[in-house]
Structure formats: C-alpha cells, structure tokens
Trainee: 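So that we are looking at the same thing, I have put the structure below in structure tokens.
When reading the values below, keep in mind they use all heavy atoms of this one structure, side chains included, and skip hydrogens, waters and symmetry mates. For this chain, numbers begin at 1 and follow the sequence in order.
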Amino acid sequence: MKLLDGVDHAGITLVRRFRAGHSADNLESVAPTGPVPQRFDALQHHYGEGPCFDAIWTHQTVRIDDVGSEARWPRLMAAALEQTPVRSTLAIQLYTDGQELGALNLFSDTAGGIDDETEEQAFNLATHAAIALSSARRGEQFSSALASRDLIGQAKGMIMERFDLDAIAAFRLIRTLSQEMNVPVIEVARRLALREPPVADGKD
C-alpha cells in the first residue's frame, strides 16, 4: 500500500462485543491489502487483545513504533514477530456504536516506519474509510467519525495560528499532550477546540 509513506499493509477490522471488556468473538477483516493484515487480525482474535481493540474501547488511536520492544500484549507481539513481517502499526477508530467497532489498521515492515506525519495523513484516510463503511451502516456512525476528524483539524488550526507551526508540528504537539496527560488524542483536540484547560485524567 503506497497511499501513505512507510505503510506496507492495511485493512479494516470489524469486531462485535458480546460481553463486558474486550472480546474477539466475532472479528472480521475487511478489504485487506494482502494476507498480512488478515494474519495480524487472526492473532488478535486468538489472544483476544491487541491495538485494534484498544484503539476502539480505550484510546481511539494506538501506535506501535517497534513490535520488537513493545511491552503491551507480549504474547501477541511475540507471535507477530514470528509469523508476520510487521514491525510497526497504527490503529485508528472509525466508529463505535457500543456493540460493534470499526478500526483502520496500518502496518509497516520497518520499525518506526509510521511517523507523526504518516499518522496525521492516516486520519484523512480514516475519514474516507468511514465514508465507505457508512454505505452499509447508519450515518450516525460516520458522523461520529467525521466529527472526530473535524475536532482534530480545528485544534491543529488553533495551534498553528497561535504558535506559528506547520500542520505536522501542530499534530505532533497534540500527540505529545495526549501522551503526557494520558488521554486520547481526540479528547485533547476537543479540549483545545473548546478552549478547556488540558488537565490530565488522573489515570495511571
């Protein structure tokens, strides 16, 4: 896949949750660019955890810079190293309706292959993916996904104007705030767009 620099494989994952917590009971790979996204999804299904699930149920966006040194999901990462060429990944929420989730998953065969610029561009790609999915699902799900992208765009614009930064630097600042405050990127963008104080959520 060459729509984005550094991205070698991509796909969309749909999961339906039947009980509280993360569940991979009904996981479906949609429009993969090849066997690699399908295999990665199969591994997530097998272990019942992974960046796709966390992107939806917890963080909305999850990036793994190096599969070889990633401390989360150790069994999944070990299996991915052994069974796939994937060395870095990015999972972005497309929509969630409380029971079903949709995530855009991007994979690179190079550690650090997905950088801040690629992540920013991936948000635009995620919007187009949400449009495609909305043809088979209700518009409310797409509207939620599009609203998230709009909030991030507004927050970026405010930062660019106030600090005289380009789009990439502005997005990098939002991502840094997200990590420091331990809140999702979209929540940082919402607070900035609404001019609310960017206070940490107090979670570990």
Side-chain angles (χ1 to χ4, degrees), residues 1-12 33 50-52 54-72 77 86-96 102-131 142-204:
M1 176 179 178
K2 295 304 178 185
L3 288 176
L4 298 174
D5 290 339
V7 176
D8 298 298
H9 320 278
I12 292 172
T33 57
C52 172
D54 276 30
I56 299 302
W57 304 127
T58 308
H59 299 297
Q60 295 193 353
T61 301
V62 176
R63 191 169 97 186
I64 299 174
D65 292 320
D66 188 349
V67 170
S69 61
E70 176 57 58
R72 296 169 291 182
M77 294 297 98
V86 172
R87 295 299 177 265
S88 56
T89 75
L90 176 68
I92 300 177
Q93 180 192 89
L94 294 179
Y95 70 85
T96 176
L104 173 66
N105 300 302
L106 306 177
F107 305 93
S108 175
D109 295 344
T110 304
I114 299 175
D115 58 16
D116 289 339
E117 182 175 1
T118 300
E119 182 174 341
E120 186 202 8
Q121 294 170 348
F123 275 102
N124 295 326
L125 180 61
T127 299
H128 293 293
I131 292 172
F142 165 66
S143 297
S144 176
L146 186 58
S148 296
R149 310 302 179 263
D150 287 345
L151 272 176
I152 292 171
Q154 291 175 31
K156 267 196 326 183
M158 293 172 63
I159 291 174
M160 291 168 65
E161 181 178 359
R162 181 169 182 178
F163 297 104
D164 193 25
L165 299 175
D166 61 21
I168 301 303
F171 182 79
R172 187 177 294 117
L173 177 56
I174 293 173
R175 179 178 172 81
T176 299
L177 288 172
S178 170
Q179 294 171 338
E180 291 179 349
M181 296 189 300
N182 193 29
V183 297
V185 168
I186 185 60
E187 176 61 14
V188 174
R190 186 191 69 80
R191 295 178 187 182
L192 289 171
L194 297 178
R195 293 177 171 81
E196 294 182 0
V199 179
D201 66 358
K203 295 181 181 178
D204 293 334

Trainee: As an exercise, state the distance from CD of Glu161 to NZ of Lys156, rounded to the nearest 0.5 Å.
Mentor: 14.5 Å

Trainee: Measuring from atom OG1 of Thr33 to atom CG of Asp8, what distance do you get when rounded to the nearest 0.5 angstrom?
Mentor: 9.0 Å

Trainee: Using the side chain to side chain contact (heavy atoms under 4.5 Å, CB included) criterion, which residues pair with Met158? Sequence neighbours excluded.
Mentor: Arg195

Trainee: Could you tell me which residues satisfy salt bridge (charged side-chain N to carboxylate O under 4.0 Å, His left out) with Asp66, sequence neighbours excluded, listed by chain and number?
Mentor: none

Trainee: Verify side-chain contact (heavy atoms from CB on, under 4.5 Å) between Arg87 and Thr110, making sure each step is shown before the conclusion.
Mentor: CA-CA 5 Å; Arg87 295 299 177 265; Thr110 304; 5.6 Å; no

Trainee: Partners of Arg63 by salt bridge (charged side-chain N to carboxylate O under 4.0 Å, His left out), sequence neighbours excluded?
Mentor: Asp65, Asp116, Glu119

Trainee: Name all residues meeting the side chain to side chain contact (heavy atoms under 4.5 Å, CB included) criterion together with Ser88; count only those two or more places apart in sequence or in a different chain, and write none if there are none.
Mentor: Ser108, Ile114

Trainee: Atom CG in Leu192, atom CG in Leu173: separation rounded to 0.5 Å?
Mentor: 8.0 Å

Trainee: Which pair of heavy atoms, one from Ile92 and one from Ala122, lies closest together, and at what distance?
Mentor: CD1-CB, 3.6 Å

Trainee: Roughly how far apart are Leu104 CG and Phe123 CZ, rounded to 0.5 Å?
Mentor: 10.5 Å

Trainee: Indicate yes or no for a side-chain donor-acceptor contact from Thr176 to the backbone of Arg172 under 3.5 Å, with no hydrogens or angles considered.
Mentor: yes

Trainee: Could you tell me which residues satisfy side chain to side chain donor-acceptor pair (under 3.5 Å) with Thr118, sequence neighbours excluded, listed by chain and number?
Mentor: Asp115

Trainee: Does a side-chain heavy-atom distance below 4.5 Å link Glu117 with Asp5?
Mentor: no

Trainee: With sequence neighbours left out, write down each residue that passes side chain to side chain contact (heavy atoms under 4.5 Å, CB included) with Asp166, or none if nothing qualifies.
Mentor: Ile168, Ala169

Trainee: Let me confirm one number: the CD1-CZ distance from Ile64 to Arg72, rounded to the nearest 0.5 Å.
Mentor: 5.5 Å

Trainee: Using a distance-only test with no angle check, is there a side-chain donor-acceptor pair under 3.5 angstrom linking Asp109 and His9?
Mentor: yes

